[in-house]
Amino acid sequence: MNLLDGTARSYAWGSRTALAELRGVPAPTRHPEAEMWFGAHPGDPAHLVTPRGRVSLLEAIDSDPTGLLGTGVVERYGPRLPFLVKFLAAEEPLSLQAHPSSDQAREGFRRENAAGVPLDASVRNYKDASHKPELVVALTEFDALAGFRSPAETVELFGRLDADELRPYTEMLAAQPDSSGLRTLFTSWITLPQRALDSVLPAVLDACVRALERAEQTGDRTFVPELRTALELGEYYPGDAGVLAALLLNRVTLQPGEALYLDAGNLHAYLRGTAVEIMANSDNVLRGGLTPKHVDVPELLRVLDFEPLDSPVLVADTSRPHVVRYPTPAPEFALVGVELSAASGDGEPWTLAHDGDAAPRIVLCVDGRVQVSSGETTLVVERGGAVWIAASDPDPQLCALTDTARVFVAGVGGI
Ligand SMILES: [Zn+2]
(Lines give C-alpha, C1' and ligand atoms only; values in the text may rest on other atoms or scores of the structure.)
Protein backbone atom coordinates (compact mmCIF):
# COMPACT_ATOMS: atom_id res chain seq x y z
CA MET A 1 0.00 0.00 0.00
CA ASN A 2 1.35 3.40 -1.00
CA LEU A 3 0.27 6.96 -1.44
CA LEU A 4 -0.42 7.50 -5.14
CA ASP A 5 0.56 10.74 -6.90
CA GLY A 6 -1.83 11.52 -9.74
CA THR A 7 -0.71 13.19 -12.95
CA ALA A 8 -2.31 16.49 -13.91
CA ARG A 9 -3.46 16.87 -17.53
CA SER A 10 -3.76 20.37 -18.88
CA TYR A 11 -6.43 20.84 -21.53
CA ALA A 12 -7.89 24.19 -22.59
CA TRP A 13 -11.34 23.27 -21.20
CA GLY A 14 -9.94 22.70 -17.69
CA SER A 15 -10.22 24.86 -14.58
CA ARG A 16 -7.48 26.96 -12.99
CA THR A 17 -9.07 26.66 -9.57
CA ALA A 18 -11.18 23.51 -9.04
CA LEU A 19 -8.48 20.82 -8.87
CA ALA A 20 -6.01 23.13 -7.11
CA GLU A 21 -8.61 23.87 -4.41
CA LEU A 22 -9.41 20.17 -4.10
CA ARG A 23 -5.71 19.43 -3.41
CA GLY A 24 -5.22 22.50 -1.23
CA VAL A 25 -2.55 24.10 -3.45
CA PRO A 26 -2.52 27.79 -4.48
CA ALA A 27 -5.14 28.77 -7.05
CA PRO A 28 -5.50 29.91 -9.76
CA THR A 29 -2.90 27.71 -11.42
CA ARG A 30 -0.83 28.98 -14.37
CA HIS A 31 -2.42 26.54 -16.81
CA PRO A 32 -5.94 25.14 -16.75
CA GLU A 33 -6.02 21.76 -15.00
CA ALA A 34 -8.56 19.52 -16.67
CA GLU A 35 -7.88 16.08 -15.26
CA MET A 36 -5.85 14.33 -12.60
CA TRP A 37 -5.19 10.71 -13.59
CA PHE A 38 -4.82 7.93 -11.04
CA GLY A 39 -4.01 4.81 -12.97
CA ALA A 40 -1.45 2.96 -15.04
CA HIS A 41 -2.30 4.30 -18.47
CA PRO A 42 0.86 4.20 -20.61
CA GLY A 43 0.14 7.80 -21.70
CA ASP A 44 0.41 9.17 -18.17
CA PRO A 45 0.83 6.70 -15.30
CA ALA A 46 0.41 7.81 -11.69
CA HIS A 47 3.34 7.31 -9.28
CA LEU A 48 3.61 5.29 -6.09
CA VAL A 49 5.27 7.17 -3.24
CA THR A 50 7.75 4.65 -1.77
CA PRO A 51 10.63 4.90 0.75
CA ARG A 52 12.96 4.68 -2.30
CA GLY A 53 11.24 7.56 -4.08
CA ARG A 54 8.48 7.79 -6.68
CA VAL A 55 7.85 4.72 -8.83
CA SER A 56 5.62 4.66 -11.91
CA LEU A 57 2.56 2.50 -11.22
CA LEU A 58 2.88 1.15 -14.76
CA GLU A 59 6.45 -0.05 -14.09
CA ALA A 60 5.51 -1.42 -10.68
CA ILE A 61 2.72 -3.49 -12.27
CA ASP A 62 5.05 -4.64 -15.06
CA SER A 63 7.53 -5.97 -12.54
CA ASP A 64 4.96 -7.76 -10.31
CA PRO A 65 1.60 -8.10 -12.07
CA THR A 66 0.26 -10.90 -9.88
CA GLY A 67 1.21 -9.21 -6.60
CA LEU A 68 -0.26 -5.85 -7.55
CA LEU A 69 -3.27 -6.93 -9.63
CA GLY A 70 -4.06 -10.41 -8.27
CA THR A 71 -4.33 -13.62 -10.30
CA GLY A 72 -8.03 -13.08 -11.14
CA VAL A 73 -7.39 -9.71 -12.79
CA VAL A 74 -4.31 -10.95 -14.67
CA GLU A 75 -6.23 -13.98 -15.97
CA ARG A 76 -9.11 -11.84 -17.14
CA TYR A 77 -7.42 -8.67 -18.41
CA GLY A 78 -3.75 -9.54 -18.79
CA PRO A 79 -0.99 -7.83 -16.81
CA ARG A 80 -2.58 -4.37 -16.86
CA LEU A 81 -4.82 -2.32 -14.59
CA PRO A 82 -8.22 -2.57 -16.32
CA PHE A 83 -9.52 0.83 -15.19
CA LEU A 84 -8.46 4.45 -15.04
CA VAL A 85 -9.90 6.79 -12.39
CA LYS A 86 -9.65 10.58 -12.56
CA PHE A 87 -10.66 13.85 -11.09
CA LEU A 88 -12.13 15.97 -13.86
CA ALA A 89 -12.77 19.72 -13.77
CA ALA A 90 -14.50 21.29 -16.77
CA GLU A 91 -14.69 25.05 -17.04
CA GLU A 92 -15.80 24.87 -20.68
CA PRO A 93 -17.72 22.27 -22.71
CA LEU A 94 -15.84 19.18 -23.89
CA SER A 95 -16.29 17.65 -27.32
CA LEU A 96 -19.43 15.81 -28.41
CA GLN A 97 -18.39 12.17 -28.40
CA ALA A 98 -19.25 8.52 -28.16
CA HIS A 99 -17.26 5.38 -27.45
CA PRO A 100 -17.36 2.05 -29.30
CA SER A 101 -18.56 -1.30 -28.01
CA SER A 102 -16.01 -4.10 -27.47
CA ASP A 103 -16.79 -5.64 -30.88
CA GLN A 104 -16.60 -2.27 -32.65
CA ALA A 105 -13.31 -1.42 -30.92
CA ARG A 106 -11.71 -4.76 -31.83
CA GLU A 107 -12.85 -4.45 -35.44
CA GLY A 108 -11.89 -0.77 -35.73
CA PHE A 109 -8.46 -1.31 -34.17
CA ARG A 110 -7.77 -4.19 -36.55
CA ARG A 111 -9.03 -2.20 -39.55
CA GLU A 112 -6.87 0.87 -38.81
CA ASN A 113 -3.83 -1.33 -38.14
CA ALA A 114 -4.40 -3.11 -41.47
CA ALA A 115 -4.71 0.27 -43.22
CA GLY A 116 -1.34 1.28 -41.75
CA VAL A 117 -2.64 4.33 -39.83
CA PRO A 118 0.06 5.09 -37.23
CA LEU A 119 -1.12 4.78 -33.60
CA ASP A 120 -0.17 8.37 -32.86
CA ALA A 121 -1.72 9.84 -36.05
CA SER A 122 -4.26 12.58 -35.36
CA VAL A 123 -6.77 10.86 -37.67
CA ARG A 124 -6.53 7.57 -35.78
CA ASN A 125 -9.87 6.66 -34.11
CA TYR A 126 -9.01 3.38 -32.41
CA LYS A 127 -5.96 3.59 -30.16
CA ASP A 128 -6.61 0.15 -28.64
CA ALA A 129 -8.97 -2.81 -28.98
CA SER A 130 -11.07 -2.08 -25.87
CA HIS A 131 -14.46 -0.51 -25.28
CA LYS A 132 -14.55 2.54 -23.02
CA PRO A 133 -17.58 2.62 -20.75
CA GLU A 134 -17.45 5.65 -18.43
CA LEU A 135 -19.00 6.49 -15.09
CA VAL A 136 -18.94 10.09 -13.87
CA VAL A 137 -19.92 11.04 -10.31
CA ALA A 138 -20.44 14.74 -9.59
CA LEU A 139 -18.43 16.42 -6.84
CA THR A 140 -20.02 19.81 -7.59
CA GLU A 141 -23.11 20.55 -9.63
CA PHE A 142 -22.20 18.99 -12.97
CA ASP A 143 -23.77 19.79 -16.33
CA ALA A 144 -23.71 17.40 -19.25
CA LEU A 145 -25.46 16.30 -22.40
CA ALA A 146 -26.08 12.55 -22.43
CA GLY A 147 -28.05 10.33 -24.79
CA PHE A 148 -30.87 11.25 -27.16
CA ARG A 149 -33.94 12.86 -25.61
CA SER A 150 -37.31 11.27 -26.43
CA PRO A 151 -38.25 12.51 -29.94
CA ALA A 152 -41.68 13.70 -28.73
CA GLU A 153 -40.02 16.08 -26.26
CA THR A 154 -37.56 17.24 -28.88
CA VAL A 155 -40.46 18.01 -31.24
CA GLU A 156 -41.98 20.05 -28.40
CA LEU A 157 -38.70 21.92 -27.89
CA PHE A 158 -38.46 22.66 -31.63
CA GLY A 159 -42.09 23.82 -31.58
CA ARG A 160 -41.05 26.54 -29.15
CA LEU A 161 -38.33 27.68 -31.53
CA ASP A 162 -39.99 29.89 -34.05
CA ALA A 163 -37.61 29.46 -37.02
CA ASP A 164 -38.62 28.69 -40.60
CA GLU A 165 -35.25 27.03 -41.18
CA LEU A 166 -36.01 24.50 -38.44
CA ARG A 167 -39.52 23.59 -39.65
CA PRO A 168 -38.59 20.85 -42.18
CA TYR A 169 -36.46 19.11 -39.56
CA THR A 170 -39.22 19.34 -36.96
CA GLU A 171 -41.63 17.77 -39.45
CA MET A 172 -39.06 15.10 -40.25
CA LEU A 173 -38.82 14.04 -36.60
CA ALA A 174 -42.53 14.44 -35.88
CA ALA A 175 -43.29 12.08 -38.79
CA GLN A 176 -40.96 9.43 -37.36
CA PRO A 177 -40.61 9.99 -33.61
CA ASP A 178 -38.30 7.04 -32.88
CA SER A 179 -34.68 5.95 -33.13
CA SER A 180 -34.85 5.83 -36.96
CA GLY A 181 -36.16 9.40 -37.06
CA LEU A 182 -33.35 10.49 -34.74
CA ARG A 183 -30.80 8.72 -36.94
CA THR A 184 -32.16 10.44 -40.07
CA LEU A 185 -32.23 13.89 -38.47
CA PHE A 186 -28.85 13.58 -36.76
CA THR A 187 -27.26 12.26 -39.95
CA SER A 188 -28.64 15.08 -42.08
CA TRP A 189 -27.48 17.72 -39.59
CA ILE A 190 -24.01 16.31 -39.00
CA THR A 191 -23.41 16.02 -42.75
CA LEU A 192 -24.99 19.37 -43.70
CA PRO A 193 -22.79 21.34 -46.14
CA GLN A 194 -21.20 24.34 -44.40
CA ARG A 195 -23.22 26.80 -46.53
CA ALA A 196 -26.52 25.28 -45.43
CA LEU A 197 -25.28 25.09 -41.85
CA ASP A 198 -24.33 28.77 -41.96
CA SER A 199 -27.95 29.69 -42.64
CA VAL A 200 -29.70 27.13 -40.38
CA LEU A 201 -27.53 27.50 -37.29
CA PRO A 202 -27.75 31.30 -36.80
CA ALA A 203 -31.53 31.14 -37.40
CA VAL A 204 -31.91 28.43 -34.76
CA LEU A 205 -29.73 30.33 -32.29
CA ASP A 206 -31.74 33.52 -32.87
CA ALA A 207 -34.88 31.51 -32.18
CA CYS A 208 -33.27 30.27 -28.94
CA VAL A 209 -32.69 33.90 -27.88
CA ARG A 210 -36.33 34.77 -28.59
CA ALA A 211 -37.58 31.66 -26.76
CA LEU A 212 -35.47 32.61 -23.73
CA GLU A 213 -36.92 36.12 -23.78
CA ARG A 214 -40.43 34.64 -23.85
CA ALA A 215 -39.52 32.31 -20.96
CA GLU A 216 -38.33 35.35 -19.03
CA GLN A 217 -41.68 37.10 -19.61
CA THR A 218 -43.95 34.14 -18.93
CA GLY A 219 -41.94 32.49 -16.16
CA ASP A 220 -42.21 29.13 -17.99
CA ARG A 221 -38.81 27.52 -17.34
CA THR A 222 -39.35 24.49 -19.59
CA PHE A 223 -36.27 23.94 -21.81
CA VAL A 224 -34.46 27.02 -20.44
CA PRO A 225 -31.25 25.03 -19.66
CA GLU A 226 -31.42 23.42 -23.14
CA LEU A 227 -31.73 26.82 -24.83
CA ARG A 228 -28.92 28.37 -22.78
CA THR A 229 -26.65 25.43 -23.56
CA ALA A 230 -27.32 25.76 -27.30
CA LEU A 231 -26.38 29.46 -27.16
CA GLU A 232 -23.28 28.78 -25.12
CA LEU A 233 -22.12 26.03 -27.51
CA GLY A 234 -22.88 28.35 -30.43
CA GLU A 235 -20.52 30.92 -28.95
CA TYR A 236 -17.71 28.44 -28.34
CA TYR A 237 -18.10 26.67 -31.68
CA PRO A 238 -19.69 28.99 -34.26
CA GLY A 239 -20.72 27.19 -37.44
CA ASP A 240 -20.31 23.73 -35.85
CA ALA A 241 -22.94 21.10 -36.66
CA GLY A 242 -22.43 19.74 -33.14
CA VAL A 243 -24.39 22.75 -31.81
CA LEU A 244 -27.49 21.56 -33.68
CA ALA A 245 -26.89 17.94 -32.69
CA ALA A 246 -26.67 19.02 -29.04
CA LEU A 247 -30.33 20.12 -29.27
CA LEU A 248 -31.30 16.44 -29.60
CA LEU A 249 -29.63 15.33 -26.37
CA ASN A 250 -30.76 15.14 -22.76
CA ARG A 251 -29.50 18.18 -20.85
CA VAL A 252 -28.58 16.90 -17.40
CA THR A 253 -27.54 18.68 -14.22
CA LEU A 254 -26.13 16.26 -11.65
CA GLN A 255 -26.14 17.22 -7.99
CA PRO A 256 -23.07 16.22 -5.94
CA GLY A 257 -23.06 12.43 -5.51
CA GLU A 258 -25.26 11.82 -8.57
CA ALA A 259 -23.84 9.91 -11.51
CA LEU A 260 -24.07 9.26 -15.22
CA TYR A 261 -23.11 5.97 -16.83
CA LEU A 262 -22.11 6.29 -20.47
CA ASP A 263 -22.31 2.97 -22.24
CA ALA A 264 -21.10 2.25 -25.77
CA GLY A 265 -22.80 4.39 -28.42
CA ASN A 266 -24.15 7.03 -25.98
CA LEU A 267 -23.55 10.47 -27.53
CA HIS A 268 -22.45 12.82 -24.76
CA ALA A 269 -20.62 16.00 -23.86
CA TYR A 270 -19.57 17.22 -20.44
CA LEU A 271 -20.32 20.90 -20.05
CA ARG A 272 -19.17 22.17 -16.67
CA GLY A 273 -18.31 20.99 -13.17
CA THR A 274 -15.98 18.83 -11.10
CA ALA A 275 -16.34 15.06 -10.91
CA VAL A 276 -14.74 11.71 -10.26
CA GLU A 277 -14.65 9.69 -13.45
CA ILE A 278 -13.81 6.03 -13.87
CA MET A 279 -13.53 4.18 -17.16
CA ALA A 280 -12.14 1.12 -18.83
CA ASN A 281 -8.47 1.71 -19.60
CA SER A 282 -8.99 2.75 -23.22
CA ASP A 283 -8.55 5.82 -25.38
CA ASN A 284 -11.18 5.10 -28.03
CA VAL A 285 -13.16 8.28 -28.68
CA LEU A 286 -15.27 9.12 -31.74
CA ARG A 287 -16.04 12.82 -31.90
CA GLY A 288 -19.01 14.49 -33.53
CA GLY A 289 -18.03 18.13 -33.20
CA LEU A 290 -17.53 20.90 -30.61
CA THR A 291 -13.80 20.32 -30.83
CA PRO A 292 -10.76 21.32 -32.85
CA LYS A 293 -9.69 17.64 -32.73
CA HIS A 294 -10.24 14.96 -35.37
CA VAL A 295 -13.93 14.38 -36.22
CA ASP A 296 -14.84 11.24 -38.18
CA VAL A 297 -18.57 11.45 -38.91
CA PRO A 298 -19.01 8.14 -40.81
CA GLU A 299 -17.25 6.24 -38.02
CA LEU A 300 -19.29 8.05 -35.35
CA LEU A 301 -22.51 7.11 -37.19
CA ARG A 302 -21.41 3.46 -37.15
CA VAL A 303 -21.14 3.34 -33.36
CA LEU A 304 -23.95 5.70 -32.24
CA ASP A 305 -26.95 4.30 -30.41
CA PHE A 306 -30.02 6.30 -31.45
CA GLU A 307 -32.39 4.63 -29.00
CA PRO A 308 -33.80 7.48 -26.85
CA LEU A 309 -32.58 7.52 -23.27
CA ASP A 310 -35.39 8.48 -20.91
CA SER A 311 -33.44 8.82 -17.70
CA PRO A 312 -29.71 9.13 -18.21
CA VAL A 313 -28.97 9.60 -14.48
CA LEU A 314 -27.77 6.38 -12.85
CA VAL A 315 -29.76 5.09 -9.90
CA ALA A 316 -27.23 4.61 -7.12
CA ASP A 317 -27.54 1.92 -4.46
CA THR A 318 -27.78 3.59 -1.04
CA SER A 319 -29.07 0.57 0.87
CA ARG A 320 -26.05 0.56 3.22
CA PRO A 321 -25.67 3.58 5.51
CA HIS A 322 -22.78 5.91 4.58
CA VAL A 323 -22.05 3.91 1.42
CA VAL A 324 -23.14 4.77 -2.14
CA ARG A 325 -22.61 2.14 -4.82
CA TYR A 326 -22.78 3.01 -8.49
CA PRO A 327 -23.70 -0.24 -10.20
CA THR A 328 -22.86 -0.45 -13.91
CA PRO A 329 -22.66 -3.31 -16.41
CA ALA A 330 -18.96 -2.54 -17.05
CA PRO A 331 -16.82 -5.44 -15.78
CA GLU A 332 -13.56 -3.45 -15.76
CA PHE A 333 -14.42 -1.15 -12.89
CA ALA A 334 -16.50 -0.52 -9.79
CA LEU A 335 -16.87 2.68 -7.80
CA VAL A 336 -18.16 3.22 -4.28
CA GLY A 337 -18.49 6.47 -2.33
CA VAL A 338 -18.06 6.24 1.46
CA GLU A 339 -18.73 8.76 4.22
CA LEU A 340 -16.30 8.12 7.06
CA SER A 341 -16.52 9.31 10.61
CA ALA A 342 -13.64 9.71 13.06
CA ALA A 343 -12.74 6.47 14.84
CA SER A 344 -12.06 8.57 17.95
CA GLY A 345 -15.74 9.59 17.95
CA ASP A 346 -18.58 7.10 17.75
CA GLY A 347 -17.54 5.75 14.36
CA GLU A 348 -15.86 2.41 13.77
CA PRO A 349 -13.08 2.14 11.18
CA TRP A 350 -14.46 0.99 7.84
CA THR A 351 -12.92 -2.21 6.51
CA LEU A 352 -12.44 -2.45 2.79
CA ALA A 353 -12.97 -6.16 2.18
CA HIS A 354 -13.03 -7.97 -1.14
CA ASP A 355 -16.30 -9.37 -2.45
CA GLY A 356 -14.51 -12.02 -4.47
CA ASP A 357 -10.90 -12.59 -5.57
CA ALA A 358 -8.27 -10.15 -4.35
CA ALA A 359 -7.95 -7.17 -6.70
CA PRO A 360 -6.31 -3.74 -6.53
CA ARG A 361 -8.11 -0.66 -5.21
CA ILE A 362 -7.47 3.06 -5.42
CA VAL A 363 -8.89 5.23 -2.63
CA LEU A 364 -9.48 8.88 -3.55
CA CYS A 365 -10.07 11.34 -0.72
CA VAL A 366 -12.50 14.10 -1.70
CA ASP A 367 -13.26 15.58 1.72
CA GLY A 368 -11.45 15.73 5.05
CA ARG A 369 -8.35 13.68 5.97
CA VAL A 370 -8.31 9.91 6.13
CA GLN A 371 -6.12 7.31 7.82
CA VAL A 372 -5.69 4.06 5.93
CA SER A 373 -4.17 1.04 7.72
CA SER A 374 -3.23 -2.25 6.08
CA GLY A 375 -1.18 -4.80 8.03
CA GLU A 376 1.80 -2.94 9.50
CA THR A 377 1.40 0.09 7.24
CA THR A 378 -0.55 3.23 8.13
CA LEU A 379 -0.89 6.15 5.72
CA VAL A 380 -2.64 9.50 5.91
CA VAL A 381 -4.32 10.77 2.76
CA GLU A 382 -5.38 14.37 2.39
CA ARG A 383 -8.25 15.80 0.38
CA GLY A 384 -7.40 15.52 -3.31
CA GLY A 385 -4.93 12.68 -2.65
CA ALA A 386 -5.04 8.94 -3.28
CA VAL A 387 -3.82 5.60 -1.93
CA TRP A 388 -2.93 2.53 -3.97
CA ILE A 389 -3.85 -0.78 -2.35
CA ALA A 390 -2.36 -3.79 -4.12
CA ALA A 391 -4.25 -7.07 -4.41
CA SER A 392 -1.70 -8.67 -2.07
CA ASP A 393 -2.14 -6.04 0.69
CA PRO A 394 -4.21 -7.10 3.73
CA ASP A 395 -7.74 -5.63 3.73
CA PRO A 396 -7.29 -2.01 4.81
CA GLN A 397 -9.21 -0.11 7.47
CA LEU A 398 -10.22 3.50 6.87
CA CYS A 399 -11.19 6.17 9.36
CA ALA A 400 -11.53 9.93 9.29
CA LEU A 401 -8.96 12.09 11.07
CA THR A 402 -11.31 15.06 10.62
CA ASP A 403 -14.89 15.11 11.97
CA THR A 404 -16.08 13.52 8.79
CA ALA A 405 -14.39 12.58 5.55
CA ARG A 406 -15.43 11.25 2.20
CA VAL A 407 -13.63 8.87 -0.12
CA PHE A 408 -14.29 7.10 -3.38
CA VAL A 409 -13.00 3.56 -3.71
CA ALA A 410 -12.20 2.49 -7.25
CA GLY A 411 -11.72 -1.18 -8.02
CA VAL A 412 -12.28 -3.89 -10.58
CA GLY A 413 -15.91 -4.91 -11.13
CA GLY A 414 -17.08 -8.45 -10.56
CA ILE A 415 -13.94 -9.65 -8.80
ZN1 LIG B 1 -16.70 10.15 -23.08
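The first residue in the sequence is number 1, and the count goes up from there. Indexing begins at 1, ligand by ligand and atom by atom, following the structure's order.
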Exercise for the section: Assess the pair Y169 and F158: is the distance between their ring centroids shorter than 6.0 Å? Expected result: no
Exercise for the section: Establish, yes or no, whether a centroid distance under 6.0 Å links the rings of F87 and F38. Expected result: yes
Exercise for the section: May I ask you to decide if T71's main-chain N or O and T66's side chain share a donor-acceptor pair within less than 3.5 Å? Expected result: no
Handout entry: Short N/O/S contact of Q97 with the Zn ion (ligand 1) (below 2.8 Å)
Key = yes
Exercise for the section: Check E134 and report its N/O/S atom nearest to the Zn ion (ligand 1), by atom name. Expected result: OE1
Handout entry: Spacing of CZ belonging to R251 relative to CG belonging to D143, to within rounding of 0.5 Å
Key = 4.0 Å
Handout entry: H99 atom (N/O/S) at minimal separation from the Zn ion (ligand 1)
Key = NE2
